[in-house]
Amino acid sequence: MASQLAPLTVHVYEPVTGRHLYRLPYTAADWTESLNQPGSMNVTVDYTRTAARLGLFKSLRCWKALIALQRAVNGGFEVVHAGPLTDWEWDAENRSLKLTVGGGLTLLTKRLVINHALKDSWRDGSMLLDEKHPAGDMDLTLKGSYTDIARGLTAEAMQWGNLPISLPATTGGDKTRTYYAWDLATTADRILDLTNLEHGIEIRFDPRIKPDGSLIFDLHAGNELIDNKHQWNAVIPGQRVILSSVAGAGGSMTSQAWLTGGKDGDKTLMCRRTTTRLTDQGYLFCQSADTTHTTVSDLKTLQAHALGDLAQGAFPAETYKVKVGEEHHVKVGDHADLRVEDDHLGSRLLRLKITDLSGSADSDWLTLQAQERNDT
């Protein structure tokens with residue numbers, strides 16, 4: 001049964017407050033969503049008299065507009081994708097404007113993890129890089145759960161200038177993270193670091209239309225984000241669920257992760273973590289190196305990153321591509337149990353976690369990417 005959902009429309013919002021500006025006539029739109037990533041959207045506007053009257057050259061400038069793809073639902077609106085306008089290209093010969101749009105997390109790629117006390121007290125000059133005794137307000141310490149730390153990072157970013165983001169309530173916990181201004185790390189990168197730790201969190205910035213018509217991004221973070229648990233059977237006709245393909249990629253698989261952290265003079269922080277999960281099943285013993293944590297000076301933090309590498313790499317990296325009708329209301333992070341009968345896979349129940357989603361405005365099908373869950 002085909003989808004009976006309302007048509008998709010494109011709207012433009014002000015980037016600081018999320019205030020609605022106008023509806024944008026468009027020719028084509030496609031989008032992608034990924035767990036723990038900003039996602040992206042492409043919108044094409046062919047110039048008509050209506051588009052020309054809107055004065056798009058003035059309003060559609062990079063980081064001056066939020067673009068949302070949305071539809072009317074039950075007296076309100078469902079936002080399929082939204083984010084800041086990051087790039088645009090005008091094809092003068094064909095009178096066509098192409099817009100590239102990020103996601104909610106993209107907003108935080110333009111904010112640095114710097115204590116907002118430095119907003120007024122900063123003075124240029126030489127700085128002693130002493131993590132034990134940081135000068136002035138060069139450090140920012142956040143405590144609680146990893147969700148609280150993600151919340152704190154976002155809240156600190158908003159102290160430098162308003163963003164249309166709503167924050168979750170604090171949950172409490174025993175985690176502590178200290179960030180130093182001289183690292184000049186983006187807020188987005190430090191939030192994503194929290195997703196790569198042992199027992200790390202999952203994050204999404206879900207766009208939503210408020211009752212006053214403005215756009216806001218709700219920060220959701222937790223050990224696992226599951227909006228729905230789907231039960232699908234690709235064997236029964238008419239279910240609008242199709243197993244499209246399966247691909248295996250072994251580049252990230254590992255049984256032993258070696259990591260380096262920051263340097264202090266002629267010393268370098270190093271650690272190693274090992275698992276037998278793969279070798280016990282007959283897989284080759286594989287080692288991996290991770291040298292990306294150059295700002296980490298605490299051994300326990302580096303060890304948590306090593307365990308995070310193992311958590312991601314100690315399983316066969318097999319990606320299932322599934323096509324479903326948009327009426328199934330799938331979000332990244334969802335669980336799905338999919339019954340298939342296939343020449344290669346045989347007859348089996350696939351216990352999947354949705355990691356990626358893509359769609360286009362001219363189709364009522366969604367393309368999903370998923371990996372098998374480790375429910376043990």
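- Ionic pairing of Glu202 and Lys353 is present here: one or more N-O contacts between side-chain nitrogen and carboxylate oxygen are shorter than 4.0 angstrom.
- Aromatic ring orientation, His11 versus Tyr13: tilted (interplanar angle from 30° to 60°).
- Both Leu345 and Val324 sit in one connected hydrophobic cluster of ILVMFWY residues. Membership requires side-chain heavy atoms under 4.5 Å apart, directly or through other members.
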_I'd like to know whether Asp356 forms a side chain to side chain contact (heavy atoms under 4.5 Å, CB included) with Thr32, so could you lay out the CA-CA distance, the side-chain angles of the two residues, the decisive distance to 0.1 Å, and finally the verdict._
CA-CA 7 Å; Asp356 302 87; Thr32 63; over 6 Å; no

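- Put simply, the side chain of Asp189 never gets that close to the backbone of Thr186: no donor and acceptor are under 3.5 Å apart.
- No side-chain donor-acceptor contact under 3.5 Å links Ser297 and Tyr180.
- Side-chain atoms of Asn228 do not come within 3.5 Å of backbone N or O of His230 as any donor-acceptor pair.
- Side-chain contact between Lys321 and Thr319: absent, with no pair of heavy atoms (C-beta onward) separated by less than 4.5 Å.
- Taking 4.5 Å as the limit, some side-chain heavy atom of Ile242 sits within range of a side-chain heavy atom of Trp365.
- Using a distance-only test at 3.5 Å, with no hydrogens or angles considered, no donor-acceptor pair links the side chain of Thr355 to the main chain of Leu35.
- Proximity of Tyr179 to Leu142: side-chain heavy atoms (C-beta onward) are separated by under 4.5 Å at one or more points.
- Without hydrogens or angle criteria, Ser214 side chain to Lys210 main chain gives no donor-acceptor distance under 3.5 Å.
- The two residues Leu299 and Cys271 have their closest heavy-atom pair at CD1-CB, 4.1 Å.
- Using a 4.0 Å cut-off between charged side-chain N and carboxylate O, Arg71 and Glu326 make a salt bridge.
- Counting only heavy atoms from C-beta outward, the side chains of Gln256 and Phe285 approach each other to under 4.5 Å.
- Clustering ILVMFWY residues whenever any of their side-chain heavy atoms sit less than 4.5 angstrom apart, transitively, puts Leu307 in a cluster other than the one holding Leu269.
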*Thr301 and His293: side chain to side chain contact (heavy atoms under 4.5 Å, CB included), yes or no, with the steps?*
CA-CA 10 Å; Thr301 300; His293 305 286; over 6 Å; no

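- In terms of hydrophobic clustering, with Ile, Leu, Val, Met, Phe, Trp and Tyr side chains grouped at heavy-atom distances under 4.5 Å, Leu215 and Leu69 are assigned to different clusters.
- A donor-acceptor pair under 3.5 Å is absent between the side-chain atoms of Arg151 and the main chain of Ala221, judged by distance alone.
- If you take CG on Leu349 and CG on Leu338, they are separated by 7.5 Å, rounding to the nearest 0.5 Å.
- A distance-only check finds no donor-acceptor pair linking the side chain of His305 to the backbone of Lys300 [under 3.5 Å].
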_Test log, rule salt bridge (charged side-chain N to carboxylate O under 4.0 Å, His left out), inputs Asp193 and Arg177_ = CA-CA 11 Å; Asp193 283 346; Arg177 286 290 182 274; over 6 Å; no

*asked:* As a quick check of understanding, evaluate side chain to side chain contact (heavy atoms under 4.5 Å, CB included) for Trp258 and Thr260, giving each step before the final call.
replied: CA-CA 7 Å; Trp258 292 76; Thr260 57; over 6 Å; no

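- With Lys229 contributing its side chain and Asp337 its backbone, the two residues share no donor-acceptor pair below 3.5 Å.
- The CD1 atom of Ile149 sits 12.0 Å away from atom OG1 of Thr154, with the distance rounded to the nearest 0.5 Å.
- Tyr320 is listed as a side-chain neighbour of Glu372, based on a closest heavy-atom distance under 4.5 Å.
- Rounding to the nearest 0.5 angstrom, the gap separating the CD1 atom in Ile226 from the NE2 atom in His335 is 3.5 Å.
- Side-chain contact check for Ser166 and Asp218: at least one donor-acceptor pair (N or O, by modelled atom type) lies under 3.5 Å.
- Checked by atom type and distance alone, the side chain of Asp290 never pairs as donor or acceptor with a backbone atom of Leu259 at under 3.5 Å.
- The line from OG1 of Thr141 to CG of Asp139 is 5.0 Å long, rounded to the nearest 0.5 Å.
- Residue Thr275 comes nearest to Thr254 through the heavy atom pair CG2-O, 4.4 Å, listed as atom of the first residue, atom of the second, then distance.
- Interatomic distance, CD of Glu156 versus CG of Leu112, reported as 12.0 Å (0.5 Å rounding).
- The nearest pair of heavy atoms linking Asp206 to Lys331 is OD2-NZ, 3.5 Å.
- Nearest heavy-atom pair across Ala51 and Leu56 is O-CG, 3.7 Å.
- The side-chain heavy atoms of Leu192 and Leu105, taken from C-beta on, include a pair separated by under 4.5 Å.
- Phe77 CZ: 12 or fewer foreign heavy atoms inside a 6.0 Å radius.
- Looking at Arg190 and Thr295, their side chains do bring a donor and an acceptor atom within 3.5 Å of each other.
- Between Val322 and Ile354, the closest side-chain pair of non-hydrogen atoms is not below 4.5 Å.
- Clustering ILVMFWY residues whenever any of their side-chain heavy atoms sit less than 4.5 angstrom apart, transitively, puts Trp31 in the very cluster that holds Val101.
- Within the 3.5 Å criterion, the main-chain N or O of Leu352 finds a donor-acceptor partner in the side chain of Arg373.
- Within the cation-pi definition used here (under 6.0 Å to the ring centroid, within 45° of the axis), Arg61 qualifies as a partner of Phe57.
- Between the side chains of Ser145 and Thr171, at least one donor N or O lies within less than 3.5 Å of an accepting N or O.
- Side-chain contact between Leu66 and Leu85 is absent, with no heavy atoms from C-beta onward closer than 4.5 Å.
- Using modelled atom types, one side-chain atom of Trp160 and one backbone atom of Ile114 make a donor-acceptor pair closer than 3.5 Å.
- No path of Ile, Leu, Val, Met, Phe, Trp and Tyr side chains, each step under 4.5 Å between heavy atoms, connects Leu108 with Leu184, placing them in separate hydrophobic clusters.
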_Pair Trp63, Thr86 - check side chain to side chain contact (heavy atoms under 4.5 Å, CB included), show working._
CA-CA 6 Å; Trp63 302 102; Thr86 60; 3.9 Å; yes

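- Residues Thr9 and Tyr26 approach most closely at CA-CE2, 4.1 Å, considering heavy atoms.
- When Arg204, His220, His329 are each tested for a side-chain hydrogen bond (donor to acceptor under 3.5 Å, both in side chains) with Asp227, only one passes: Arg204.
- Atom CG of Leu302 is separated from atom CZ of Arg272 by 13.5 Å, given to the nearest 0.5 angstrom.
- Between Thr367 and Lys323 the shortest heavy-atom distance is OG1-CG, 4.2 Å.
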